[in-house]
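Notes for the one structure printed next.
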Amino acid sequence: MENSLYIGLSKQVVLRENMNIIANNVANVNTPGFRAQNMVFNDFIEDPRYMKEDIAMVIDYGQYQMTDPGSLSTTGNSLDIALVGPGFLGVQALGGDTQFTRAGNLGITPEGTLVTARGFPVLSQGGGEITIPQNAGPVTIDQNGVISTQQGQVDQLMIMEFDNPQDLDPAGNGLYRTDAEGNEAESTRVKQGMLESSNVQAVIEMTRMIEVLRDYQSVQNLMRSEHDRLRNAGQRLARTTA
């Protein structure tokens, strides 16, 4: 197989992964607190066996999140919060791991546990679950994440800031995982009764999707032409040596 076919195949693999990322962005255009992801491309030199020349291949080096905040909307729901600033809300993911989210549409289970819209327990500053006393009256959450009812202060939300937000990897369900150490929020404020929308710009993502599709088709046509060239060359060589 010629080098051009190897290169074309590597480009198609990367383009397909990029299409998956864009499609996920579009699917989450209305998800509170969602941050769009973009792919980072890179080249590497491959030294295949039995070939005299190295091949410059295309790989997906990784992805990064767009850190621009989404717009804020007023909901009037006391359990909706928006984080204004770089912070993330700590939650307990499946398996007990601490992960983070910007989605502030919260709720309370029949047992009184404060949870996200997907049912993950919201964590307190000390790392435990937050329980709202039953029949305690309206819930208020101040700008520092302190939760109170008519019976007094209940707990405080875990809100963490990270030196490099790109250290947070998407984990699905609007959550991010990281091994980086976070810091208690200093520049982040909580707005009760509001939600941060997704920062996905649908028009831009659809444009990117069309561009990726065209690139994929272009590479496919190139590989088809190269295949036909090799086949014809082989047929001519066979007739010459016959």
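The figures here come from the full heavy-atom set of this structure, side chains too, leaving out hydrogens, waters and symmetry mates. We number each residue from 1, following the sequence as shown.
Side-chain contact of Asn28 with Arg35: a donor-acceptor pair under 3.5 Å is absent, judged by distance alone. In summary, the side chains of Glu205 and Asn25 do present a donor paired with an acceptor at a separation below 3.5 Å, with no hydrogens or angles considered. With hydrogens and angles left out, the side-chain atoms of Glu111 and Thr109 include a donor and acceptor closer than 3.5 Å. Between the side chains of Ser198 and Thr31, not a single donor N or O lies within less than 3.5 Å of an accepting N or O.
Between Ile130 and Gln156, the closest heavy-atom pair is CD1-O, 4.2 Å. Contact record, Gly85 with Arg102: O-NH1, 2.6 Å, taken as the closest heavy-atom pair.
Within the 4.5 Å cutoff, the side chain of Asn173 has heavy atoms near those of the Phe120 side chain.
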As a quick check of understanding, evaluate side chain to side chain donor-acceptor pair (under 3.5 Å) for Thr178 and Asp167, giving each step before the final call. CA-CA 6 Å; Thr178 182; Asp167 289 335; 5.6 Å; no
Step-by-step salt bridge (charged side-chain N to carboxylate O under 4.0 Å, His left out) determination, Glu211 to Arg214: CA-CA 5 Å; Glu211 290 176 350; Arg214 288 175 176 172; over 6 Å; no
Quick one: do Arg189 and Asn144 satisfy side-chain contact (heavy atoms from CB on, under 4.5 Å)? Show the steps, please. CA-CA 6 Å; Arg189 295 293 177 261; Asn144 295 315; 4.1 Å; yes
Trace of the side-chain contact (heavy atoms from CB on, under 4.5 Å) decision for Glu17 with Met19: CA-CA 5 Å; Glu17 181 60 26; Met19 179 66 80; over 6 Å; no
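Both Val154 and Val139 belong to a single network of hydrophobic side chains, linked directly or stepwise wherever heavy atoms of I, L, V, M, F, W or Y lie under 4.5 Å apart. No chain of hydrophobic side-chain contacts below 4.5 Å, direct or via other Ile, Leu, Val, Met, Phe, Trp or Tyr residues, connects Ile141 to Val146. Under a hydrophobic-cluster definition in which Ile, Leu, Val, Met, Phe, Trp and Tyr are linked whenever side-chain heavy atoms come within less than 4.5 Å, directly or via other members, Ile210 and Tyr216 are assigned to different clusters. Hydrophobic clustering places Ile147 together with Leu79 (ILVMFWY residues linked when any side-chain heavy atoms are closer than 4.5 Å, directly or through intermediates).
Distance alone, capped at 3.5 Å, places no donor-acceptor pair between the Ser71 side chain and the Ser197 backbone. No donor-acceptor pair under 3.5 Å is formed between the side chain of Thr98 and the backbone N or O of Gln92.
Taking Ile159 as the reference, Leu83, Leu89, Leu157, Ala185, Thr188, Val190 meet the side-chain contact (heavy atoms from CB on, under 4.5 Å) condition, with sequence neighbours excluded.
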